[in-house]
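Below is one structure, written out as structure tokens; the observations come after it.
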Amino acid sequence: MSINYTVDKVYTGVSRDRLQLPCVIVETENYSVDKTFDCGQCFRFNKVPSSSYGIEYEGVAFGRYIRVAQDHPNEIIIINTDLSDYEKIWKKYLGLDIDWGAIERHLISRREDDGIMEKAARLAGGIRILRQEPWETLCSFIISQNNNIPRIKKIIESISERLGTPIDCPDGITRYAFPTDRAILMAGIETLMATNTGYRAKYLYDAARLSVDRKIDFLSIEKTDDLDTCAAILRQIKGVGPKVAACVLLFGFGKLDAFPVDVWIRRSLKRHFSGGLDLSVLSPYAGVAQQYLFYYTRYIEGRD
DNA sequence: GTCCAGGAACTCA
DNA sequence: TGAGTTCATGGA
């Protein structure tokens, strides 16, 4: 691999596989690509089966096809991209602009629980909260309601194939960007039903209508600090309740204090926080704690 | 056949 | 204001 030093802790090169794609190599700290892409926050990335790296995921975001690979925790390789897109898109998307170590220490230092937070943080530690596109995140979590992760992924692929812009990929496979609000509005409820969204089709349609008509303004949500105000804006959309709104704020707007409560978090709260959980103790990173607890409960403790 | 899934709208008291 | 029901769908 030819490596050209460019800027601080960022290098360019070519990928190790036979396609030798341009890639950006980033020095980081305790980053888990595996946990980050497999923890249920994003639905369009999948593990590359026989990768030439220790771990590798591929998928579509921001209308681009990338692979994210790593061999050890302190370096990640972003394949099929360049420095310009890294600075413009992937740095922020992958959470490489945030000091996660400091956040983790902050959360572990809170001792209001039975030690579960520290345990969860140690196990889920390398997870990064991705900064995904708000519109796609909104639709994804509308689809997520009363649904399971494998099926959510299938539906989102189906919608993208049917309504999204095709992306020519270097491996010869055509992939599809997540459709715009306008494309979903034009498609109509019937077409959306055909992608197995079920009763959520009308919710997606409502979201598209409000977005196209500028009745919900993503920029103002971006600029607003107060989470209740942000959630209230999103909840004007049919099918968006407290949980979906919190997920969109956390995963789509990078509002790290948003705390989505789903069935898994409810289990965790019941098991480990019988006296209740004071979210202000975790502030302003309650959402990161939530992701640790979600990961720990779903992947370690299980349903029971 | 029954239960469940990163829930929310709706109904009825 | 709060508890119970209904909503599509597919996998376990």
Side-chain angles (χ1 to χ4, degrees), chain A residues 35-46 59 120 124 127-134 136-159 162 178 187-210 216 227-228 230-272 277 279 286-304:
Chain A
K35 289 174 194 167
T36 296
F37 284 99
D38 191 41
C39 71
Q41 61 175 318
C42 79
F43 304 102
R44 298 216 63 198
F45 276 77
N46 295 298
I127 289 183
R128 300 293 181 271
I129 306 288
L130 296 171
R131 182 74 177 263
Q132 304 177 63
E133 290 174 274
E136 178 177 342
T137 311
L138 170 62
C139 294
S140 298
F141 282 94
I142 285 174
I143 292 165
S144 80
Q145 68 166 265
N146 202 25
N147 214 338
N148 58 65
I149 291 175
R151 189 160 174 271
I152 296 164
K153 294 176 80 164
K154 267 190 193 172
I155 292 171
I156 293 172
E157 279 314 307
S158 171
I159 291 181
R162 194 177 282 248
F178 188 82
I189 294 180
E190 289 291 308
T191 303
L192 292 169
M193 281 291 279
T195 57
N196 295 327
T197 47
Y199 65 90
R200 307 168 194 85
K202 56 181 179 292
Y203 299 155
L204 291 174
Y205 185 81
D206 189 54
R209 192 173 51 75
L210 291 176
I216 56 164
L227 285 179
D228 292 333
C230 293
I233 295 173
L234 289 170
R235 290 183 62 177
Q236 296 175 90
I237 302 162
K238 271 185 194 148
V240 178
K243 194 273 177 179
V244 171
C247 282
V248 176
L249 293 176
L250 180 59
F251 304 127
F253 288 93
K255 298 193 184 290
L256 299 181
D257 212 17
F259 192 91
V261 178
D262 67 350
V263 291
W264 294 99
I265 292 300
R266 206 160 282 128
R267 282 183 189 123
S268 181
L269 294 179
K270 197 172 171 187
R271 281 173 194 159
H272 302 289
L277 172 60
L279 288 181
V288 184
Q290 188 274 0
Q291 202 54 18
Y292 290 164
L293 292 174
F294 177 82
Y295 183 87
Y296 187 82
T297 309
R298 182 167 192 269
Y299 294 87
I300 308 295
E301 292 188 326
R303 210 145 64 183
D304 289 343

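These numbers were taken from a predicted model, which means no experiment stands behind them. Numbers restart at 1 for each chain; the letters A, B, ... are given by sequence-line order, proteins then strands.
- We find that E301(A) and R267(A) are not joined by a salt bridge, their nearest charged nitrogen and carboxylate oxygen being 4.0 Å or further apart.
- Between L130(A) atom CG and Q291(A) atom CD the span is 9.5 Å, to the nearest 0.5 Å.
- If you measure from atom CG of N147(A) to atom P of dG7(B), you get 8 Å, rounded to the nearest angstrom.
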For this session: Please assess M193(A) against Y199(A) for the test side chain to side chain contact (heavy atoms under 4.5 Å, CB included), listing each intermediate value before the final yes or no.
Result: CA-CA 8 Å; M193(A) 281 291 279; Y199(A) 65 90; over 6 Å; no

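- Side-chain atoms of N148(A) lie closest to dG10(C) of the nucleotides dC4(B), dG7(B), dG10(C).
- Of the candidates dG10(C), dA8(B), dC4(B), the closest approach to any side-chain atom of K243(A) belongs to dA8(B).
- In this structure, NZ of K202(A) is placed 13 Å from C1' of dT9(C), rounded to the nearest angstrom.
- Ring geometry for F251(A) versus F141(A): interplanar angle under 30°, hence parallel rather than tilted (30 to 60°).
- Within 6.0 Å of NZ on K238(A) lie no more than 12 heavy atoms contributed by other residues, nucleotides or ligands.
- Taking atom CD1 of I142(A) as the reference point, atom P of dT9(C) lies 18 Å away to the nearest angstrom.
- For the OP1/OP2 pair of dG7(B) and a distance below 4.0 Å, the side-chain nitrogens and oxygens of R235(A) include no atom meeting the criterion.
- Looking at heavy-atom distances under 4.0 Å, Y295(A) makes no contact with the nucleic acid at all.
- With both ends at atom P, the span from dA9(B) to dG10(C) equals 24 Å, rounded to whole Å.
- A close approach under 4.0 Å does occur between a side-chain nitrogen or oxygen of K154(A) and OP1 or OP2 of dG11(C).
- Across all strands, G40(A) comes closer than 4.0 Å to base atoms (heavy-atom distances).
- Spacing between atom CD1 of I189(A) and atom P of dA8(C) amounts to 12 Å, rounded to whole angstrom units.
- Rounded to whole Å, atom C1' of dT9(C) lies 15 Å from atom CG of L204(A).
- Rounding to the nearest 0.5 Å places CG of L256(A) at 11.0 Å from CG of L249(A).
- The base of dG7(B) is not paired with the side chain of Y203(A) by any donor and acceptor separated by under 3.5 Å.
- Looking at which nucleotide of DNA chain B each of K238(A) and F294(A) is closest to, the 5′-most match is held by F294(A).
- Across dA9(B), dC4(B), dG7(B), the shortest atom-to-atom separation from the side chain of Q145(A) is found for dG7(B).
- Here dT9(C) presents its P atom at 14 Å from CD1 of I143(A), a figure rounded to the nearest Å.
- Across all strands, R200(A) comes closer than 4.0 Å to base atoms (heavy-atom distances).
- Atom-to-atom, CG of N146(A) to P of dA9(B) comes out at 13 Å; the value is rounded to the nearest Å.
- When heavy atoms are screened at a 4.0 angstrom cut-off, C42(A) is found touching no nucleic acid atom at all.
- P242(A) comes within 4.0 angstrom of sugar-phosphate atoms only, judged by non-hydrogen atoms across all strands, and of no base.
- As rounded to whole Å, 10 Å separates atom C1' of dA9(B) from atom OH of Y199(A).
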